Amino acid sequence: MRAQLLWPLTVREWLWGLFASVPVAALLLGTRSLDSQSAALAASLAVALSIPWVVPATMLIAVLSAPVYMWLHSQGPVPAVLDWLGSVVLVAAVVGCHLNTALLVAWHRTRKASEAEIGLRDFLFHHGQHK
């Protein structure tokens with residue numbers, strides 16, 4: 001039996017991640033005008049939904065956004081570094097939610113495909129009754 005890949009194989013499967021990442025991004029953008037306690041709760045929820053992908057996504061987005069932050073220094077006043085890093089973590093949380101949803105859909109696809117295959121429990125159960 002060949003092991004099936006758990007990664008999404010088509011663009012359609014990757015697009016399923018938008019069902020989680022778009023609402024999470026909208027929630028995070030909507031909390032900008034709320035008090036800091038509500039914003040912290042929304043950010044914590046987004047990070048929790050994106051575990052374990054939030055750390056690698058944070059590293060990737062931080063590395064890719066560093067040249068933009070350096071370029072902003074030549075254009076005038078720049079945002080505070082902690083605000084910038086906080087936004088990097090929130091963008092990474094949205095990316096992590098997208099990945100988790102796409103992987104869940106791919107896992108569900110492989111699970112449906114393997115339902116027709118007989119498992120060890122079924123094999124033993126069926127062959128044990130014939131004795």
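All heavy atoms count here, side chains included; hydrogens, waters and symmetry mates do not. Note that the coordinates shown come from a computational prediction; the quantities given were computed from them, not determined experimentally.
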Would a distance-only check, ignoring hydrogens and angles, find a side-chain to backbone donor-acceptor pair under 3.5 Å from Y69 to V78?
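No, the answer is negative, given that no donor and acceptor are paired below the 3.5 Å cut-off.
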[X] to [Y] - nearest heavy-atom pair and separation:
X   : Y    : value
P52 : N100 : CD-OD1, 4.1 Å
S33 : G30  : OG-O, 3.7 Å
A46 : C97  : O-SG, 3.8 Å
V88 : A62  : CG1-N, 3.8 Å
W84 : P79  : CE3-CG, 3.9 Å
L18 : P23  : O-CD, 3.6 Å

L64 atom CG: more than 12 heavy-atom contacts under 6.0 Å
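Counting other residues, nucleotides and ligands, CG of L64 exceeds 12 neighbours.
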Is it the case that over 12 heavy atoms from other parts of the model lie below 6.0 angstrom from the CD atom of Q37?
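Count not over threshold, so no.
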In the structure I gave you, are the side-chain heavy atoms of P8 and V105 within less than 4.5 Å of one another anywhere?
no
Are [Y] and [X] linked, directly or through intermediate hydrophobic residues, by side-chain heavy-atom contacts shorter than 4.5 Å (ILVMFWY only)?
X   : Y   : result
V68 : V95 : yes
V91 : L85 : yes
L60 : V47 : no

Between [atom1] on residue [X] and [atom2] on residue [Y], distance to nearest 0.5 Å:
X    : Y   : atom1 : atom2 : answer
T101 : F19 : OG1   : CZ    : 10.0 Å
L27  : L49 : CG    : CG    : 9.5 Å
W16  : T10 : CH2   : OG1   : 11.0 Å
L15  : H98 : CG    : NE2   : 7.0 Å
L103 : E13 : CG    : CD    : 10.0 Å
S87  : I61 : OG    : CD1   : 9.5 Å

Yes or no on side-chain contact (heavy atoms from CB on, under 4.5 Å) for V24 and L28, after CA distance, side-chain angles and deciding distance?
CA-CA 6 Å; V24 168; L28 292 174; 4.1 Å; yes
Would you please test L99 and W14 for side-chain contact (heavy atoms from CB on, under 4.5 Å) and show each step?
CA-CA 8 Å; L99 278 168; W14 279 110; 3.5 Å; yes
